[in-house]
Amino acid sequence: MSTRTHEILREVMLQEIKTAKEKLGKEMVILGHHYQRDEVIQFADFRGDSLRLARLAAETDARFILFCGVHFMAETADILTAPEQTVILPDPKAGCSMADMVNRDELEEAWELLIDTYGDPPFPITYVNSSAEVKAFVGQHGGMTVTSSNAERIMAYALRERKRIFFLPDQHLGRNTAYRLGIPLEAMKVYNPREMRIEGGEAREDTKVILWKGHCSVHQRFDPVHVRKMREEHPGIRVIVHPECKFETVQEADESGSTEYIIKAIERAPAGTKWAIGTEHNLVYRLAKEHPEQEIYSLNPIVCACYTMNRIDLPHLHESVMNVLNGERKNVIRVPEEIASWAKVAIERMLRLG
Ligand code: 13P
Ligand code: SF4
């Protein structure tokens with residue numbers, strides 16, 4: 001296809017999405033995660049981090065929720081909406097590699113081992129970046145979900161309730177947050193699901209947090225060396241990273257927080273502040289465009305973008321919007337009731353605590 005034909009096609013898609021949105025009015029709402037491409041996010045009625053999007057899904061009365069994000073986020077939206085509302089993920093293959101690092105069978109095995117080892121059940125906490133069936137297990141066992149913006153508050157609560165936390169699937173968010181709460185690294189253990197064992201020697205009575213050995217393949221690629229290089233090349237630069245980054249990277253950075261936190265930090269900073277941001281590229285480059293008064297760099301420009309977030313592009317969005325307009329039900333995300341009911345317990349506990 002020639003570049004010109006490609007451009008014309010894009011123009012047609014942009015125009016048709018606009019017109020369809022006008023026709024559908026309040027019938028359809030488009031929710032967009034901050035990591036979405038510019039060509040997609042421009043059509044979002046609301047943008048947010050995963051906590052904000054979950055709250056928006058719970059509040060909207062639109063009949064169709066077009067979720068521009070990844071699979072676990074669309075599942076959460078379905079769990080929180082009424083049965084007559086329909087959640088659509090423009091590309092059902094838009095998953096999250098971290099969420100795929102734990103499934104219910106593995107979790108059940110781990111749970112038994114932890115009870116055998118420590119005697120009493122830990123407080124299970126799952127990052128929202130997990131499947132509905134993992135959330136359901138956590139809900140059934142008295143636990144709750146967290147996002148990167150409320151993990152600290154919820155882990156503090158959990159430690160008042162039980163002696164230990166079992167945190168999954170992101171070891172980095174769990175470790176970074178627990179450390180901020182004053183828990184030393186020696187009081188944290190890693191559960192290795194492949195080897196079905198707790199790493200790092202004997203189980204100790206003073207263990208406070210057991211971390212599932214999972215990670216985000218995007219954020220794990222920001223290293224302390226990138227922070228040091230940025231500081232050398234741009235004296236005075238502030239480094240801000242997502243808490244899915246490794247412990248050592250977060251320790252070297254000036255600040256860490258959720259996507260919403262990062263955006264607010266940039267907005268609040270005085271003009272002329274230099275920033276190196278360690279998170280997904282779509283967000284970093286959008287912030288650089290929207291804030292020409294700041295000097296913004298990616299902490300590691302050769303780090304990959306989130307491949308799955310980027311699966312949702314203009315053609316996928318266009319197809320989904322046209323399907324809604326034409327009454328076709330495609331790429332609907334529906335969590336089976338027996339899973340959704342327990343997953344909802346875990347999510348609502350989180351929403352109540354903040
Ligand atoms: P936020 O909750 O900060 O939006 O993060 C979600 C996510 O998937 C980060 O990789
Ligand atoms: Fe999942 Fe990482 Fe992509 Fe976030 S950035 S959706 S954690 S793979």
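Order of appearance sets the numbers: ligands from 1, and atoms from 1 within every ligand.
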Provide the number and element of each atom of ligand 1 under 4.0 Å from a heavy atom of [X].
{"X": "His219", "value": "10 (O)"}
{"X": "Ser258", "value": "3 (O)"}
{"X": "Tyr35", "value": "7 (C), 9 (C), 10 (O)"}
{"X": "Ser148", "value": "1 (P), 2 (O), 3 (O)"}

Checking side-chain hydrogen bond (donor to acceptor under 3.5 Å, both in side chains) against His34, which of Arg286, Glu260, Glu280, Arg47 comes through? Glu260
For [atom], which protein heavy atom lies nearest, and how many Å away is it?
{"atom": "atom 2 (O) of ligand 1", "result": "Ser50 OG, 2.5 Å"}
{"atom": "atom 4 (O) of ligand 1", "result": "His33 NE2, 2.6 Å"}
{"atom": "atom 9 (C) of ligand 1", "result": "Glu244 OE2, 3.0 Å"}
{"atom": "atom 5 (O) of ligand 1", "result": "His242 NE2, 3.4 Å"}
{"atom": "atom 8 (O) of ligand 1", "result": "Asn129 ND2, 3.1 Å"}

Looking only at the aromatic ring of each residue, does the gap between the centers of Phe247 and His172 stay below 6.0 angstrom? no
Give a yes-or-no answer on whether the side chains of [X] and [Y] include a donor-acceptor pair shorter than 3.5 Å.
{"X": "Glu16", "Y": "His318", "result": "yes"}
{"X": "Ser97", "Y": "Ser217", "result": "yes"}
{"X": "Asn331", "Y": "Ser320", "result": "no"}

Give a yes or no on whether Tyr179 atom OH has more than 12 heavy-atom contacts from other residues, nucleotides or ligands under 6.0 Å away. no
Are Lys274 and Arg238 close enough that some pair of their side-chain heavy atoms sits under 4.5 Å apart? no
Please identify which of these residues, Trp212, Tyr118, Phe137, meets the ring-ring contact (aromatic ring centres under 6.0 Å, His included) condition with Trp111. Phe137
Does Tyr261 come within less than 4.0 Å of ligand 1, judged by its heavy atoms? no
Identify, with sequence neighbours excluded, every residue that meets salt bridge (Lys or Arg N to Asp or Glu O under 4.0 Å) alongside Arg52. none
Per-atom contacts, ligand 2 versus Glu244 - under 4.0 Å to a heavy atom: 2 (Fe), 7 (S)
Using the side chain to side chain contact (heavy atoms under 4.5 Å, CB included) definition, which of the options Met155, Arg160, His141, Arg162 pairs with Phe123? Arg162
Membership question, hydrophobic clusters at under 4.5 Å side-chain separation (ILVMFWY): are Met188 and Ile125 in the same one? yes
Excluding waters, which protein N, O or S atoms are within less than 2.8 Å of atom 3 (Fe) of ligand 2? Cys306 SG
